[in-house]
Each structure stands twice: as C-alpha cells, then as structure tokens.
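What's counted below: heavy atoms across the whole structure, side chains too, no hydrogens, waters or symmetry copies. All values reported here derive from a predicted model rather than from experimental measurement.
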Amino acid sequence: MRGLMDFQATDTGDTTEVRLMGRLEFTDHDRLRDIVGLVERSDMARFVIDLSALEFIDSAGLGMLLILQEETETRNVRMIVQGAAGDVKRSIDLARLGEIITIAS
C-alpha cells in the first residue's frame, strides 16, 4: 500500500521550509528525491522540516530525515526539524535523532 505522505515547500529568502503531511514510510522514498532537490538551491542557509502535520513515521522515514541531514551538511546548510508531536515525536526521541539533527520544540 502506498504511503500517504505529501509536502509543501515555501522559500523565504535564505530559508526553505518543507511541511510534511500524512505518513512518512518506506514507500515514500521516491518523494525524498523531490525534497532533496529543494536542498540544492545555492543561496539557502537554513532548511526547516515542519512535522506538525505528520501523523506517523516509520524507521525508513527516520532514515530519510538522516539522509536529508547529510545532504544539507554537504552543502553547508543548517537543517532544523520542528513541530514533531505525539507518535512522531516519540519515534524521533526513541531513535535519539536529537543527537544528530537539530530538533526545535
């Protein structure tokens, strides 16, 4: 069954904000390429991932956040994850992603 993740991107000066919605699962790895493509903007300083509308994330989805972190680091862009709540926040906390990724409350 296809995951139901969608995203909206907003550019504001030197920041790109990506709002993830629905469920981020293994089946969404193709959409990751679209999001990575947003990181390739040359004048970006910050890449904000807003998880406030994300209902579920599995281990592959957590891995996708790590891939995004790696892509932003390679380009000297600061990635910030914000808005995680409920099960999504619990999954991020259990995986201890806050030790690797900047998590804003």
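- When the side chain to side chain donor-acceptor pair (under 3.5 Å) test is applied to E17, no partner is found at least two apart in sequence or on another chain.
- Taking CG of L62 as the start and CG of L66 as the end, the distance is 7.5 Å to the nearest 0.5 Å.
- V39 and L51 fall within a single hydrophobic cluster, where Ile, Leu, Val, Met, Phe, Trp and Tyr side chains are chained together by heavy-atom contacts under 4.5 Å.
- In this view, R90 and D87 satisfy the side-chain contact (heavy atoms from CB on, under 4.5 Å) rule, not counting sequence neighbours.
- Taking both residues in full, the closest heavy atoms of R23 and D28 are given as O-OD2, 3.0 Å, listed atom of the first, atom of the second, then distance.
- A search for side-chain contact (heavy atoms from CB on, under 4.5 Å) contacts involving D14 returns A45, not counting sequence neighbours.
- In this view, Q8 satisfies the side chain to side chain donor-acceptor pair (under 3.5 Å) rule with no residue, not counting sequence neighbours.
- Annotation: the span from M21 atom CE to F7 atom CZ amounts to 8.5 Å, rounded to 0.5 Å.
- Rounded to the nearest 0.5 Å, atoms CE (M79) and CD1 (I101) are 4.0 Å apart.
- With rounding to the nearest 0.5 angstrom, the OG1 atom of T12 is 8.0 Å from the CZ atom of R46.
- When every heavy atom of I92 is checked against every heavy atom of A84, the shortest pair comes out as CD1-CB, 4.0 Å.
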Stepwise side-chain contact (heavy atoms from CB on, under 4.5 Å) test for I100 and L65: CA-CA 10 Å; I100 302 166; L65 292 179; over 6 Å; no

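- Applying the salt bridge (charged side-chain N to carboxylate O under 4.0 Å, His left out) rule to pairs touching residues 48-70 yields R19-D50, sequence neighbours excluded.
- With R75 contributing its side chain and E71 its backbone, the two residues share a donor-acceptor pair below 3.5 Å.
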side-chain contact (heavy atoms from CB on, under 4.5 Å) between V18 and T16, worked out: CA-CA 7 Å; V18 178; T16 295; 4.2 Å; yes

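- With rounding to the nearest 0.5 angstrom, the CG atom of L38 is 9.5 Å from the CG atom of L68.
- Sorted by first and then second residue, the pairs that involve residues 92-105 and meet salt bridge (charged side-chain N to carboxylate O under 4.0 Å, His left out), not counting sequence neighbours, are K89-D93, R96-E99.
- Separating the CG atom in L54 from the CD1 atom in I49 is a distance of 10.5 Å, to the nearest 0.5 Å.
- Side-chain heavy atoms closer than 4.5 Å link hydrophobic residues (I, L, V, M, F, W, Y) into clusters, and following such links, even through other members, never connects I67 to F26.
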Step-by-step side-chain contact (heavy atoms from CB on, under 4.5 Å) determination, L20 to M5: CA-CA 7 Å; L20 302 183; M5 193 275 290; 4.0 Å; yes

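- By the 4.5 Å heavy-atom criterion applied to side chains, L24 and R31 are not counted as neighbours.
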